[in-house]
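This report refers to the structure that appears directly beneath it.
Worth knowing before you read on, the calculation uses all heavy atoms, side chains too, and leaves out hydrogens, waters and symmetry mates. Order of the sequence lines fixes the chain letters, A, B, ..., with proteins taken first and strands second; residue numbering starts at 1 for each chain.
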Amino acid sequence: MNAKLFQLWCLMSVAILLLCLSLVIGFIVIKGAPTLGLSLYFGDTPMLEAILGLAPIWDGIWPACIGTISVVLGAISLAIVPGIATGIWLTYAKASIFKQALELSVVILAGVPSILMGLFGFTLIVLLRNTIAPSANSSLLLSSLCLAMLIIPYLSVTTRTALQALPKSLSICASALGMTPWQQQRYVLLPQAKKGIVSGVMLSIGRAAEDTAVIMLTGAVANAGLPGGIFERYEALPFTIFYFSSQYQSQTELNMAFGAALSLLCFTTIIFSSASAMARR
Amino acid sequence: MRTKLTLAGLLACSLSVLPTAFAADVDVFNGQSGTINIAGGTAHIPVMKQAAKSIMKSNHQVRVTIAGGGSGVGAKQVAKGLVDIGNTGRPLKPGEAKHGLVSFPFAIDGVAIIVNPHNPVQGLTQKQVSDIYAGIITNWQQVGGENRDINLFTRDEASGTRSVFVKKLLHKSPVINSANVVPSNGAMKTAIARDPGAIGYSSVGYIDNTVKAPMLDKVKPTNEACASGEYPVVRKLYMNTKGEPQGLTRKFIDYIYSADGAKFIQESGYIPVSKS
């Protein structure tokens with residue numbers, strides 16, 4: 001009897017979860033879908049000129065889309081090597097005080113709220129300006145750097161989990177064949193764990209793409225046009241949503257927020273579903 | 001034949017003169033390149049955006065980035081040197097000015113009480129408004145309206161609109177804590193338009209048919225009344241720079257004071273101020 005009740009309770013929880021999820025997604029789709037169209041992305045600029053960067057775009061979210069992609073690419077290229085390397089080292093290093101400290105740091109870093117990471121970036125710039133680099137300013141690079149710090153723990157934890165999930169026999173076998181530890185990594189273990197690592201990378205991309213708190217303090221602005229370089233401020237989808245939904249001055253701007261929300265939702269859905277498809281394959 | 005030639009010659013001459021004779025204000029940015037970063041008051045954004053649009057359309061080498069945040073944020077960021085121009089919807093406070101900031105007033109804006117369009121109240125007095133915001137008057141019936149509770153809406157602390165409202169209309173009498181706080185002029189308008197018992201305030205420039213602005217002490221809040229001084233709750237919108245502006249920033253500020261700038265200011269619902 002008790003087991004049945006518990007099962008029912010679990011089922012109900014799932015149902016409530018699904019209901020909430022469909023309410024949220026349904027709301028965004030209903031509000032956002034009517035705004036979808038060329039003018040949402042490019043305003044009154046002709047599409048071809050806009051995409052080629054020949055004409056500036058106004059009242060469209062295309063610059064924000066490009067800004068998001070740039071800042072995410074920046075973050076992932078800064079984070080991928082240290083993140084994965086930390087994961088590998090944590091899996092194979094012998095137990096030591098340093099390893100314990102490193103494990104603890106990764107856990108702490110994973111738990112840092114993103115607004116703190118944003119504040120860190122902001123403080124860093126103020127510090128740099130007052131000391132060695134008076135012309136330093138909030139920019140795409142700073143946002144990428146702070147986002148990278150946000151996703152490094154994700155990368156190292158997923159890498160570590162993927163490597164630990166490999167059967168012990170693999171490395172024993174490789175050792176028996178006379179492979180050095182480095183050769184084992186290079187030719188056997190990493191290729192075997194590739195799926196898990198790649199899906200970790202995809203998840204971190206999604207995480208970086210949707211974060212607002214970090215970028216709002218480190219360089220995202222309401223209006224800038226296409227990103228002008230890594231030392232310039234830029235527009236980004238999550239910030240566009242935040243900004244236009246709270247500071248909108250007209251109905252068009254509010255609609256743009258819904259359109260941007262729907263676009264971001266699609267973007268992250270694609271990334272997350274390809275990550276899970278890759279993990280399943 | 002001869003007259004035709006002369007005419008053609010004249011036409012050619014006048015055409016060659018045309019570009020210089022009709023040089024647009026935005027031409028001062030020709031050959032310039034760089035970035036101007038702007039942050040601060042939300043009421044300024046429409047003006048800044050139109051100026052930026054016009055500049056960036058004529059010259060792709062100049063980038064203008066615009067962020068909001070409110071007057072407080074604008075003053076703080078320009079003082080720290082994080083932006084080139086920090087906008088405020090009020091004069092700088094002494095604590096802000098001590099960082100060597102220079103102010104450029106460029107527009108006059110009125111702040112008006114707004115209510116739901118279905119609200120029958122046609123006019124209020126300053127006393128009634130401050131009593132409403134102090135929580136002394138709580139029902140529309142007490143000021144000649146329907147029997148309905150009054151829902152108060154106000155802006156956050158960083159808002160320049162709030163500071164002029166409290167200073168010039170409430171005469172610094174307090175706003176009751178239970179008032180709902182909204183983050184921008186746009187949000188204020190939506191909130192008022194949806195709530196038949198609501199009262200709030202916004203820039204005169206933002207008032208349209210979704211909300212109603214009752215008369216204040218029998219004066220209708222219009223741009224004309226604000227310009228003539230007949231309507232008392234007005235403020236200036238300022239651009240602030242750290243020290244005297246140089247280069248592109250200087251050109252941008254001059255552009256706001258040009259005929260183009262005046263047009264953008266009027267289109268955004270404000271009254272242009274000439275450079276002092």
Side-chain angles (χ1 to χ4, degrees), chain A residues 43-45 49 52-60 63 67 122-123 125-130 133-140 142 215-229 231-235 239-240 242-257, chain B residues 33-70 73 76-77 79-84 155-156 158-159 181-190 193 202-203 205-206 208 210 268-269:
Chain A
D44 47 9
T45 314
E49 281 179 44
L52 295 175
L54 295 176
I57 297 157
W58 292 90
D59 308 316
F122 185 77
T123 323
I125 280 300
V126 173
L127 183 78
L128 280 178
R129 287 182 70 88
N130 291 338
S135 63
N137 211 332
S138 47
S139 63
L140 199 112
L142 181 69
I215 59 172
M216 66 183 272
L217 289 172
T218 54
V221 292
N223 220 301
L226 287 169
F231 296 111
E232 298 276 355
R233 291 165 198 225
Y234 61 97
E235 292 179 38
F239 186 74
T240 301
F242 163 76
Y243 184 78
F244 283 127
S245 57
S246 64
Q247 310 268 341
Y248 64 93
Q249 316 281 6
S250 66
Q251 194 59 39
T252 333
E253 290 191 345
L254 188 60
N255 290 343
M256 256 168 70
Chain B
S33 68
T35 307
I36 309 165
N37 293 317
I38 302 171
T42 53
H44 305 58
I45 291 179
V47 181
M48 299 293 131
K49 228 170 154 171
Q50 288 191 67
K53 189 171 173 173
S54 158
I55 293 166
M56 284 167 76
K57 273 199 165 152
S58 77
N59 182 348
H60 296 187
Q61 301 302 312
V62 177
R63 262 166 62 85
V64 184
T65 74
I66 303 159
V73 172
K76 218 171 280 165
Q77 293 221 351
K80 282 219 155 63
L82 292 168
V83 294
D84 304 305
R155 293 280 303 279
D156 52 88
S159 160
V181 179
V182 288
S184 72
N185 274 315
M188 175 69 89
K189 228 167 61 180
T190 322
S202 86
S203 276
Y206 279 98
D208 57 18
T210 62
S268 309

request  = Could you look at A:I125 and say if it's the side chain, the backbone, both or neither that has a heavy atom under 4.5 Å from chain B?
outcome  = side chain
ask   = Looking only at heavy atoms, which two atoms of A:L226 and B:R63 are closest? And how far apart?
value = O-NH1, 2.5 Å
message = Can you tell me which portion of A:E253 sits under 4.5 Å from chain B's heavy atoms? Options are side chain, backbone, both or neither.
response = side chain
When B:K53, B:M56, B:K49 are compared by non-hydrogen pairs under 4.5 Å with chain A, the top option = B:K53
key: Closest non-hydrogen atom pair, B:T65 against A:A224   = CG2-CB, 3.6 Å
query = Can you say whether B:I38 sits under 4.5 Å from chain A via the side chain, the backbone, both, or neither, judging by heavy atoms?
reply = neither
request  = Among the options B:T210, B:T35, B:D208, pick out the one with the most heavy-atom pairs lying under 4.5 Å from chain A.
outcome  = B:T35
ask   = What part of A:Y243 lies closer than 4.5 angstrom to a heavy atom of chain B: side chain, backbone, both or neither?
value = side chain
key: Residue pair A:V221, B:I66: steps toward the side chain to side chain contact (heavy atoms under 4.5 Å, CB included) verdict   = CA-CA 6 Å; A:V221 292; B:I66 303 159; over 6 Å; no
note = So, the part of A:R233 with a heavy atom under 4.5 Å from chain B: the answer is both
remark   = Smallest heavy-atom separation, B:L82 atom then A:N137 atom, equals O-ND2, 3.0 Å
query = Side chain, backbone, both or neither: which part of B:A39 has a heavy atom under 4.5 Å from chain A?
reply = neither
request  = Under 4.5 Å heavy-atom distance to chain B, tell me which part of A:F244 shows up: side chain, backbone, both or neither.
outcome  = side chain
